[in-house]
Participant: 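Please find one structure pasted underneath; my questions will follow.
These numbers come from the heavy atoms of this one structure, side chains and all, not from hydrogens, waters or symmetry mates.
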Amino acid sequence: ATANITNGIASAVIAAPSGGWKSGFYIVKVLVNVSGVLDTGESFLMVKIYQGFGMPVNPVTNQMDFTVSSTENASIKINVFDVKSNRPAENLTVTLSKILSFESFPPSEITYDKSSVATGTTDSNGQVVMTLPVPSGGWATGNFLSNFDVTNGTVTDSIQGFFQVKNFF
């Protein structure tokens with residue numbers, strides 16, 4: 001793409017590749033020529049087909065509830081939006097990919113039996129509640145980020161949901 005610089009600012013439209021953009025991060029490298037003086041720069045862009053978030057909910061009331069005890073299942077309501085179609089993403093398969101603990105830096109993946117979490121399917125509102133069963137021995141107290149894969153069988157993106165484990169609240 002080519003752009004003209006006006007008052008030190010330029011913008012360019014980068015045409016999508018044939019077949020469209022795949023989800024992921026892209027580095028954009030630019031070459032600038034101002035009166036024969038060359039320089040380079042970089043930027044990046046992120047492409048997602050499915051955008052969304054997860055939020056912890058009370059499994060009985062379906063209302064937001066960030067905290068569970070060490071002996072409770074964590075229920076995460078996944079909300080997915082189809083960016084390309086500009087609507088909720090229905091009929092996507094949702095699976096747990098990993099859980100990160102934020103009790104140390106950098107955050108680290110906890111040992112967790114992912115097969116204990118049933119596969120979910122988003123409804124017409126792009127939502128599904130995923131239940132994370134209590135691990136054997138209970139949850140450690142702390143702050144966690146659950147990471148889910150959402151897919152239509154062809155395109156896969158990631159959705160995250162935070163939850164907190166406390167025994168007294």
Side-chain angles (χ1 to χ4, degrees), residues 16-17 19-28 42-169:
W21 295 100
K22 292 189 180 349
S23 292
F25 287 93
Y26 295 86
I27 294 176
V28 179
E42 290 184 351
S43 184
F44 76 94
L45 62 103
M46 178 178 74
V47 174
K48 288 186 90 92
I49 304 301
Y50 301 118
Q51 179 65 41
F53 61 92
M55 67 177 182
V57 294
N58 179 301
V60 176
T61 65
N62 207 28
Q63 298 300 310
M64 192 169 14
D65 186 356
F66 282 102
T67 306
V68 298
S69 78
S70 62
T71 59
E72 289 180 309
N73 294 338
S75 297
I76 310 293
K77 181 190 277 185
I78 304 297
N79 294 274
V80 188
F81 189 75
D82 184 327
V83 176
K84 198 171 180 182
S85 300
N86 197 31
R87 62 181 170 80
E90 63 181 312
N91 295 320
L92 297 183
T93 301
V94 180
T95 54
L96 177 69
S97 62
K98 63 184 170 185
I99 301 174
L100 298 176
S101 169
F102 281 75
E103 294 312 295
S104 61
F105 187 82
S108 59
E109 184 173 354
I110 67 169
T111 302
Y112 186 80
D113 179 12
K114 293 179 280 232
S115 68
S116 69
V117 179
T119 298
T121 303
T122 56
D123 63 16
S124 61
N125 296 314
Q127 299 178 340
V128 62
V129 175
M130 300 294 290
T131 301
L132 309 179
V134 177
S136 61
W139 294 105
T141 57
N143 299 297
F144 298 92
L145 187 70
S146 52
N147 291 267
F148 296 91
D149 288 333
V150 295
T151 186
N152 65 1
T154 303
V155 174
T156 301
D157 267 317
S158 296
I159 305 292
Q160 293 78 33
F162 169 83
F163 67 100
Q164 184 177 62
V165 178
K166 292 184 100 163
N167 287 316
F168 305 102
F169 49 91

Participant: Checking side chain to side chain contact (heavy atoms under 4.5 Å, CB included) for the pair F162/F102: CA distance, chi angles, key distance, verdict?
Facilitator: CA-CA 10 Å; F162 169 83; F102 281 75; 5.8 Å; no
Participant: Contact between S101 and I110 at the side-chain level, heavy atoms closer than 4.5 Å - yes or no?
Facilitator: yes
Participant: Is a salt bridge present between K166 and E72, judged by a nitrogen-to-oxygen distance below 4.0 Å?
Facilitator: no
Participant: Does the side chain to side chain contact (heavy atoms under 4.5 Å, CB included) test come out yes or no for T141 and W139, once each step is laid out?
Facilitator: CA-CA 6 Å; T141 57; W139 294 105; over 6 Å; no
Participant: Output yes when a side-chain donor or acceptor of N125 lies under 3.5 Å from a complementary backbone atom of Q127, and no otherwise.
Facilitator: no
Participant: For I78 versus F148, what's the shortest heavy-atom pair and its separation?
Facilitator: CD1-CD1, 3.4 Å
Participant: May I ask you to decide if D113's main-chain N or O and S116's side chain share a donor-acceptor pair within less than 3.5 Å?
Facilitator: yes
Participant: Counting N and O atoms only, with roles assigned by atom type, does the side chain of K114 sit under 3.5 Å from a partner on the main chain of T95, one being a donor and the other an acceptor?
Facilitator: no
Participant: Against D157, only a single residue in V80, D149, V150, V47 fulfils side-chain contact (heavy atoms from CB on, under 4.5 Å); can you say which?
Facilitator: V150
Participant: Give me the atom names and distance for the closest heavy-atom approach of I76 to S146.
Facilitator: CG1-OG, 3.9 Å
Participant: Using salt bridge (charged side-chain N to carboxylate O under 4.0 Å, His left out) as the criterion, list what pairs up with K98, not counting sequence neighbours.
Facilitator: none
Participant: With sequence neighbours left out, write down each residue that passes side-chain hydrogen bond (donor to acceptor under 3.5 Å, both in side chains) with T151, or none if nothing qualifies.
Facilitator: T156
Participant: Can you name the closest pair of heavy atoms from M46 and F25 and give their distance?
Facilitator: SD-CZ, 3.5 Å
Participant: Determine whether the side chains of Q164 and N143 contain a donor N or O and an acceptor N or O closer than 3.5 Å.
Facilitator: yes
Participant: If you take all heavy atoms of V28 and L45, which pair is closest and at what distance?
Facilitator: CG2-CD2, 3.6 Å
Participant: Looking only at the side chains, is there a donor atom on one of S70 and N167 sitting less than 3.5 Å from an acceptor on the other?
Facilitator: yes
Participant: Do Q63 and V57 have side chains that get closer than 4.5 Å, going by heavy atoms?
Facilitator: no
Participant: For the residue pair L145 and F163, establish whether any side-chain heavy-atom pair is separated by less than 4.5 Å.
Facilitator: no
Participant: Supply the atom-to-atom distance K77 NZ to M130 CE, rounded to the nearest 0.5 angstrom.
Facilitator: 14.5 Å
Participant: Are the side chains of F81 and N86 in contact, using a 4.5 Å heavy-atom criterion?
Facilitator: yes
Participant: Does V94 reach the side chain of T122, with side-chain heavy atoms less than 4.5 Å apart?
Facilitator: yes
Participant: Determine whether I99 and L132 satisfy the following criterion, side chain to side chain contact (heavy atoms under 4.5 Å, CB included), listing intermediate values before the conclusion.
Facilitator: CA-CA 10 Å; I99 301 174; L132 309 179; 4.1 Å; yes
Participant: Does the pair Y50 and V155 meet the rule for a side chain to side chain contact (heavy atoms under 4.5 Å, CB included), with working shown?
Facilitator: CA-CA 9 Å; Y50 301 118; V155 174; 4.1 Å; yes
Participant: Is there a side-chain contact between N91 and T121, using heavy atoms and a 4.5 Å cut-off?
Facilitator: yes
Participant: Give the minimum heavy-atom separation between T131 and S75, together with the two atoms involved.
Facilitator: OG1-OG, 4.1 Å
Participant: Can you name the nearest heavy-atom pair linking P133 to V117, along with the distance?
Facilitator: CD-CG2, 3.8 Å
